[in-house]
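Input: a single structure, listed below in structure tokens.
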Amino acid sequence: MGTAWSGRLPDCSWLRFFGEELRTVREQLGLTLREVAAGTTYSFQQISNVEAARRTPSQALARELDRTLGTGDRFQRILTRVLADTFPTWFTSMADEEAQATQIRIWEPRIIPGLFQTEDYTRQRLRWANPHLSSDELDEAVAARAARRHILTRDQPPYIWLILDESVLLRPIGGPTVMTRQLHHLTQAAETPHLTLQIVPLTATPHPGLDGPLTIWTYPDRPDIAYIDHPHTPHLIETPHDVSDTTLTHNLLAATALDPTTSLDHIHTLTKTTYGA
């Protein structure tokens, strides 16, 4: 198996190259970060995070940088490389936020979130989603995602409020054996004091979570940040108004979901009736 993931992209990553190229062009033009930001619709902090390879730039930002800096389509072309990396560039940003957060709120309507996946579940999901990966690349990808889970066993783990759509439990990734182990693992985690788990049943009325997954990170020393994983446009949210809207969505989902005790009972029952365990 490949070496354990360090939690940060290597120096040769396309994300880091994007930031270095931004710094090089900016300095050649004699511009400060604030001056670059002033020429775009993005904040100084957002531009600074991209230049430092702490955030994945959006296509809209790449276009605005090319326009502001007079670089044709240079940053848009580099971004295509960023997005084509074997390890998604949002992956590092999420892992960094997870490592710093004291509270994490998650809504996931598609799959078991990475923090709570078993290795077999992760392997089967990645093999299905990335059929081009070699065996070594698959091993490294599994190890990379497993490395994120260290936050659950540290001295002061974050408090996590996880809401899942029932369809996540019914989607047989890897088959009955893999799913049985995965659901047992999930319920064991839910019995710890650091995780609240709720299930939104398939019979629930339409709700705001149908737009896609979301995550909200809370910190001891700075405002909350959210992540929305809409199809083709996953992005971090940092403006207070938008983070507040995301928090409201999570709160509404909690009100729609089964309570934690009923949710655990539902998973136990489903594991027996659906996967025969």
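Note: hydrogens, waters and symmetry copies are ignored here, and every other heavy atom, side chains too, is used.
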Check: [Y] main-chain N/O paired with [X] side-chain donor or acceptor under 3.5 Å:
{"X": "Glu51", "Y": "Gly19", "answer": "no"}
{"X": "Ser263", "Y": "Ile199", "answer": "yes"}
{"X": "Thr274", "Y": "Thr271", "answer": "no"}
{"X": "Asp229", "Y": "Pro213", "answer": "no"}
{"X": "Asp259", "Y": "Thr262", "answer": "yes"}
{"X": "Gln76", "Y": "Arg63", "answer": "no"}

Is there a side-chain contact between [X] and [Y] (heavy atoms, below 4.5 Å)?
{"X": "Trp217", "Y": "Gln100", "value": "no"}
{"X": "Ile112", "Y": "Ile173", "value": "no"}
{"X": "Pro158", "Y": "Thr102", "value": "no"}
{"X": "His241", "Y": "Asp245", "value": "yes"}
{"X": "Leu214", "Y": "Ile216", "value": "yes"}
{"X": "Leu65", "Y": "Val36", "value": "yes"}
{"X": "Tyr227", "Y": "Ile237", "value": "no"}
{"X": "Asn49", "Y": "Glu238", "value": "yes"}

What's the shortest heavy-atom distance between [X] and [Y], and which atoms?
{"X": "Thr40", "Y": "Arg67", "result": "CA-NH2, 4.4 Å"}
{"X": "Arg125", "Y": "Ile111", "result": "CD-CD1, 3.4 Å"}
{"X": "Arg154", "Y": "Gln156", "result": "NE-O, 2.9 Å"}
{"X": "Leu253", "Y": "Val200", "result": "O-CG2, 4.1 Å"}
{"X": "Pro201", "Y": "Thr256", "result": "CD-O, 4.4 Å"}
{"X": "Arg149", "Y": "Gln117", "result": "CZ-O, 3.1 Å"}

Quiz item: Would Ile160 and Phe116 satisfy side-chain contact (heavy atoms from CB on, under 4.5 Å), going step by step from the backbone distance to the final call?
Solution: CA-CA 11 Å; Ile160 301 176; Phe116 300 101; 3.7 Å; yes
Practice problem: Find out if a path of hydrophobic residues (ILVMFWY) with successive side-chain heavy-atom gaps under 4.5 Å connects Leu61 to Leu29. | Solution: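 Both belong to a single hydrophobic cluster.
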Exercise. Could you please spell out the steps behind the side-chain contact (heavy atoms from CB on, under 4.5 Å) verdict for His207 and Leu252?
Key: CA-CA 8 Å; His207 52 75; Leu252 292 172; over 6 Å; no
Quiz item: Are Leu202 and Asp165 close enough, and set up right, to give a side-chain contact (heavy atoms from CB on, under 4.5 Å), and what steps lead you there?
Solution: CA-CA 7 Å; Leu202 293 177; Asp165 189 81; 3.8 Å; yes
Self-check item: Ion pair check, Glu108 and Arg110, cut-off under 4.0 Å
Solution: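 The answer is yes: the pair qualifies as a salt bridge.
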Quiz item: Does Glu35 come within less than 4.0 Å of Arg26, counting only side-chain N to carboxylate O?
Solution: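 Salt bridge between Glu35 and Arg26, a charged N being under 4.0 Å from a carboxylate O: no.
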Self-check item: Within the 6.0 Å centroid threshold, strictly below: His194 and Trp161
Solution: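 Aromatic pair excluded; centres sit 6.0 Å or further apart.
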Exercise. Let me see the working for His266 and Glu166 under side-chain contact (heavy atoms from CB on, under 4.5 Å), right down to the final yes or no.
Key: CA-CA 9 Å; His266 188 68; Glu166 184 178 7; 2.8 Å; yes
Exercise. Test Leu197 against every option in Ile163, Leu186, Leu258 by the side-chain contact (heavy atoms from CB on, under 4.5 Å) rule and name the one that passes.
Key: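 Among Ile163, Leu186, Leu258, the one meeting side-chain contact (heavy atoms from CB on, under 4.5 Å) with Leu197 is Leu186.
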Exercise. Evaluate whether atom CG of Asp221 has more than 12 neighbouring non-hydrogen atoms of other residues, nucleotides or ligands under 6.0 angstrom away.
Key: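 Check passes, neighbour count above 12.
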Quiz prompt | Atom CZ of Arg34 with >12 non-hydrogen neighbours under 6.0 angstrom | solution =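 Not more than 12 within 6.0 Å, no.
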Self-check item: Any pair counted as salt bridge (charged side-chain N to carboxylate O under 4.0 Å, His left out), so long as it reaches residues 176-202, sequence neighbours left out
Solution: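 Applying salt bridge (charged side-chain N to carboxylate O under 4.0 Å, His left out) to every pair that reaches into residues 176-202, excluding sequence neighbours, yields Asp120-Arg181.
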Atom pair [atom1] ([X]) and [atom2] ([Y]), whose distance is rounded to the nearest 0.5 Å:
{"X": "Leu270", "Y": "Asp265", "atom1": "CG", "atom2": "CG", "answer": "12.5 Å"}
{"X": "Thr215", "Y": "Trp107", "atom1": "OG1", "atom2": "CH2", "answer": "12.0 Å"}
{"X": "Leu152", "Y": "His150", "atom1": "CG", "atom2": "NE2", "answer": "9.0 Å"}
{"X": "Thr32", "Y": "Phe44", "atom1": "OG1", "atom2": "CZ", "answer": "8.0 Å"}
{"X": "Leu126", "Y": "Tyr121", "atom1": "CG", "atom2": "OH", "answer": "10.5 Å"}
{"X": "Leu169", "Y": "Thr269", "atom1": "CG", "atom2": "OG1", "answer": "11.5 Å"}

Pair [X], [Y]: side-chain N/O donor-acceptor within cut-off below 3.5 Å:
{"X": "Tyr159", "Y": "Thr196", "value": "yes"}
{"X": "Glu97", "Y": "Tyr219", "value": "yes"}
{"X": "Arg105", "Y": "Thr246", "value": "no"}
{"X": "Glu119", "Y": "Thr122", "value": "no"}

Quiz item: salt bridge (Lys or Arg N to Asp or Glu O under 4.0 Å) with Asp242: which residues, sequence neighbours excluded?
Solution: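 By the salt bridge (Lys or Arg N to Asp or Glu O under 4.0 Å) rule, Asp242 matches no residue at all.
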